[in-house]
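As the structure is a prediction and not an experimental result, all values here were calculated from the model.
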Amino acid sequence: MYRLIAAALCSGLCLSASAAPEDVAERWNLADLYPSVQAWHEDANRLGAQLEEIAGCRDQLGASAARLRACLDLGTDAAKRFQRLRVFSSEQLSGDTGSSESLALSQQADVLRNRLGEATSFVEPEVLRIGAPRIRELVAQDPGLRIYAFALERILRQAEHTLDSAGEALVAKFGSMNDTGESTYSILTNADMPWPTLTLASGEKIVLDQAAYTKYRELPDRGDRKRVMDSFFGGFRNFERAIGVTLYSQLKQDAVYSAVRKYPGSIERALDRNHVPVAVVDTLIAQTDAALPTLWRYFRLRAKMLGISDMAYYDIYPPLVTGHYRFPIAQGRQLVKEAVAPLGPDYVQAMATGLDSRWMDTYPRARKQSGAHMAGAAYDVHPYVLMNYNDDYESVATLAHEWGHAMHSYLANRAQPYVTSNYAIFTAEIASTFNEVLLLDRMLKAATSDDERLFYLGSALENLRGTFFRQTMFAEFEREIHAAVDAGESLTGAQLSKRYCALLKRYHGVAEGVMAIDDGYCIEWAYIPHFYNSFYVYQYATAIAASSLFAERVLQGESGALDNYLGLLRAGGSDYPYELVKAAGVDLASPAPYRSLVARMNRIMDEVEAILARKG
C-alpha cells in the first residue's frame with residue numbers, strides 16, 4: 001500500500017511503562033520512545049500535519065528530481081514517525097492488556113496507520129504513470145534519491161499488479177476491513193469459547209483454555225494427556241462450523257485481492273510481496289515430504305525413550321528427558337552472551353549493551369501479554385524485547401531467539417537508511433534461529449553428563465520437529481486450501497477438517513504404523529491462528545533450514561561465512577529477501593538447505609541412540 005515509504009509493522013509488539021520499584025531493572029524504559037503519553041499525542045499531531053502536507057505531492061512526483069526527493073523524504077519521515085508511535089502504543093497495551101487507556105491509544109495508532117495508507121495511496125500509481133525511464137532519469141540526477149532506488153524499482157516491477165489512483169485509493173479504504181475474519185476468530189477463541197473443566201488423575205481440576213492446553217499436554221501420565229487432548233479439541237469441534245466460516249472468509253478475501261491484483265492465485269500474490277519464488281515453497285514441501293522417514297524415526301525414538309509401544313498423537317509433547325535445570329536471568333544473559341561469541345566481539349558487545357540497558361521486559365505478571373517478541377521498528381531508538389522468563393532452559397532458548405531478532409534490527413538500522421532498514425520475516429527468523437543453534441552448541445560443549453546432553457539434544461529434536469516439519473505441514477495445508485478457494489470451491493469446517501486430517505496422518509506416519517491419531521484431533525487446524533496470515537508459516541521452516549546451514553559454516557570456521565552472515569543482517573531490506581539469503585550463500589529454492597537440516601537431525605538422533613546404548 002505504501003511500500004515505498006513505510007516499513008512493515010513488527011508482527012508482535014511489546015510492553016508497558018509502569019514498573020514496581022522492586023523490579024524496575026527488569027522492565028524496559030519506554031521513555032526512550034516518549035517521555036509521556038502527552039508527548040505521544042504531540043507527535044501524533046505532527047504526523048497528522050505531515051499527512052496534510054503529503055497531499056500536496058499528488059501529481060508532483062515527476063516534476064523534478066528535487067520535488068520527487070522532497071516528497072519521498074516527507075513520506076519517509078511520516079512513516080518513521082508512525083512506527084515510533086505504533087511501537088509505544090502497542091507496548092503500553094502489551095504491558096497491561098486490561099488497560100482501557102492503553103487500548104484507546106493503540107486504537108488511535110490503528111487510525112493513524114489507515115490515514116497514512118490512504119494519504120500515500122497515490123504514490124505507486126503515480127510512479128507507474130510517470131514510467132521507468134523518467135523515474136530512473138530523476139534518480140540519476142540527484143544523489144539524494146539513490147536511497148530510494150530499490151523501493152522505486154519495486155514499484156515499477158509491480159506495474160501489472162497496481163491499479164490507477166482511484167483504484168488504489170479504493171483498495172486502501174477497504175484496508176480497515178481486512179482483518180474481519182481474523183478478528184472474529186480471535187474474539188471467539190480467546191474470549192467467547194467456553195473452556196472445559198477437566199479433572200486430572202491427581203484429582204486436580206483445571207480449566208482447559210489455550211494456555212492450559214500447552215502446559216498440560218506435556219503431563220507424564222498418558223491418561224491425563226489423552227483426556228487433555230480429547231477435551232481441548234472436543235471444545236473446538238463444537239465450533240467447527242463457525243471457525244470454518246471465519247477461515248473461509250479469509251481465504252475468499254485473499255482470492256479476491258489476488259484477482260484484483262491480476263495474480264494467477266493467492267500463493268503468487270502472497271509471495272510476490274517480497275518477490276519470493278513459488279519454487280521456494282514447492283521445494284520446501286517436496287523436500288520435507290521426502291524426509292518424512294526422518295520424522296518417523298524421531299517418533300519411534302521418542303516412543304522408545306518414553307517407554308511406549310503404541311505411540312499416539314497425545315504422546316508427541318512430553319519432554320524426552322526431564323531435568324531440574326534452572327537458569328536465573330543473570331545466568332541466562334551470560335549463557336546467551338557466551339553462545340554468540342562466534343559472531344565476534346562487536347556483536348557480543350552490542351547485545352550486552354541491550355541486555356544491560358533496560359531494552360527488555362523480563363518477567364511475567366498479571367495482565368501482561370503472554371509469550372515473547374521483539375519490536376525493532378523504532379528506527380531512531382533501539383529494539384525492545386518482551387519476555388516471560390521463568391528460569392528454565394526454554395526461557396534461555398527464547399532469550400537467545402528474541403535477541404537474535406533484536407540484533408538483526410540493531411545492525412540493519414545502523415547500516416541502512418530508514419527506507420531500506422526494514423527486513424522481511426523471510427530473513428527475520430534466520431537471525432533468531434541461528435542464535436538458538438549457537439546456544440545449543442554452547443550448552444553441549446559444557447555438558448558434564450550423558451543425562452545433561454540428552455536433555456539438550458532432546459530439546460533440539462523437538463525444536464526441529466515443531467519448527468521444520470510441523471510448519472511445513474501447515475504450509476502444505478495452506479497451499480491446498482487456498483488453491484481450492486482460488487478455483488471457486490467452497491470449504492466448510494467439516495471439509496477443512498477432512499483435508500487437514502489427511503495431511504496430519506501422512507506426516508505422522510499413521511499408515512506406516514508410526515503412531516495412531518484419533519479423527520477427533522483433525523480439528524487442530526481451527527486452533528492455528530497463523531492461517532489468517534496467508535503463507536506466513538512456511539518462513540519458519542525455510543529460516544531454520546537456512547540458519548542451520550549458516551551456523552554450521554560459522555562454527556566450522558569456513559572462510560567468509562561470518563562476513564556473509566553478518567552482511568545478511570546488516571543488509572536489512574536493501575534487496576529482496578530471497579536474493580539476500582542467496583547472496584549470502586544459501587539458495588532456499590534448492591534442495592540443499594533442507595537436506596542439510598535433515599542430515600543434522602539424523603546426526604542428533606545418532607548421538608542420542610549412542611548415549612542410550614551406553615546407558616543400557
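Arg442 places no side-chain N or O within donor-acceptor distance of the main-chain N or O of Ala341, the cut-off being under 3.5 Å. In this structure a side-chain-to-backbone donor-acceptor pair under 3.5 Å is present from Gln416 to Arg570.
Between the side chains of Ser409 and Tyr423, at least one donor-acceptor pair of N or O atoms lies under 3.5 Å. For the residue pair Thr448 / Glu452, a side-chain donor-acceptor distance below 3.5 Å is found, with atom types taken as modelled. Side-chain contact check for Glu462 and Tyr298: at least one donor-acceptor pair (N or O, by modelled atom type) lies under 3.5 Å. Donor-acceptor pairing under 3.5 Å is lacking for the side chains of Thr283 and Gln287. A donor-acceptor pair shorter than 3.5 Å cannot be found between the side chains of Arg261 and Tyr257. Between Tyr325 and Asp392, the side chains place no donor N or O within less than 3.5 Å of an acceptor N or O (distance only, hydrogens not considered).
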For Leu612 and Leu301: C-alpha separation, side-chain torsions, deciding distance, then whether side chain to side chain contact (heavy atoms under 4.5 Å, CB included) applies.
CA-CA 10 Å; Leu612 293 177; Leu301 178 61; 3.9 Å; yes
Side chain to side chain contact (heavy atoms under 4.5 Å, CB included) assessment of Leu569 paired with Tyr410:
CA-CA 9 Å; Leu569 302 188; Tyr410 179 89; over 6 Å; no
Step by step, work out the side chain to side chain contact (heavy atoms under 4.5 Å, CB included) result for Thr542 and Ile544.
CA-CA 6 Å; Thr542 55; Ile544 197 171; over 6 Å; no
Verdict with supporting geometry, Asp254 and Arg269, side chain to side chain contact (heavy atoms under 4.5 Å, CB included)
CA-CA 9 Å; Asp254 290 337; Arg269 171 177 164 265; 4.0 Å; yes
Run the side chain to side chain donor-acceptor pair (under 3.5 Å) test on Glu240 and Ser497 for me, step by step, so that the C-alpha distance in whole Å, both residues' side-chain angles and the decisive distance to 0.1 Å come before the verdict.
CA-CA 8 Å; Glu240 182 182 54; Ser497 293; 2.6 Å; yes
Begin with the C-alpha distance, continue with both residues' side-chain angles, and end with the deciding distance and a verdict on side chain to side chain donor-acceptor pair (under 3.5 Å) for Glu402 and Asn435.
CA-CA 9 Å; Glu402 296 304 332; Asn435 279 13; over 6 Å; no
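Tyr500 pairs with exactly one of Phe477, Tyr527, Phe233 by the ring-ring contact (aromatic ring centres under 6.0 Å, His included) rule, that one being Phe477. Just one of Tyr216, Tyr314, Tyr213, Tyr521 meets the ring-ring contact (aromatic ring centres under 6.0 Å, His included) condition when paired with Phe232; it is Tyr213.
Ring geometry for Tyr313 versus His508: interplanar angle over 60°, hence perpendicular rather than tilted (30 to 60°).
Tyr507 and Phe469 have their aromatic ring centers separated by at least 6.0 angstrom. Outside the 6.0 Å centre-distance limit, the rings of Phe474 and His530 are not counted as a close aromatic pair.
When side chains are defined from C-beta on, Val396 counts as touching Tyr389, because their heavy atoms get closer than 4.5 Å. Put simply, the side chain of Arg241 does not reach to within 4.5 Å of the side chain of Val245, judged on heavy atoms.
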Enumerate donor-acceptor pairs with a distance under 3.5 Å from any side-chain N or O in residues 573-585 to protein atoms, sequence neighbours excluded.
unit_1: Ser574; atom_1: OG; unit_2: Ala571; atom_2: O; d: 2.8
unit_1: Tyr576; atom_1: OH; unit_2: Arg157; atom_2: NE; d: 2.9
unit_1: Tyr578; atom_1: OH; unit_2: Asp587; atom_2: OD1; d: 2.6

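Every salt bridge (Lys or Arg N to Asp or Glu O under 4.0 Å) that Arg470 has, sequence neighbours left out, goes to Glu524. Residues satisfying the salt bridge (Lys or Arg N to Asp or Glu O under 4.0 Å) criterion with Glu182, sequence neighbours excluded, are absent altogether.
A cation-pi arrangement is found for Arg217 relative to Tyr317, the charged atom lying closer than 6.0 Å to the ring centre and inside a 45° cone about the ring normal.
Using a 4.0 Å cut-off between charged nitrogen and carboxylate oxygen, Arg499 and Glu489 count as a salt-bridge pair. A salt bridge between Arg227 and Asp224 is present, with a side-chain N of the basic residue lying under 4.0 Å from a carboxylate O of the acidic one. Taking the charged nitrogens against the carboxylate oxygens, Arg222 and Asp315 do have a contact shorter than 4.0 Å, which makes a salt bridge.
Considering CD of Glu338 and CD of Gln331, their distance stands at 9.0 Å, rounded to 0.5 Å.
No more than 12 heavy atoms of other residues, nucleotides or ligands sit less than 6.0 Å from atom CD of Glu394. Heavy-atom contacts from other residues, nucleotides or ligands closer than 6.0 Å to CZ of Arg614 number more than 12.
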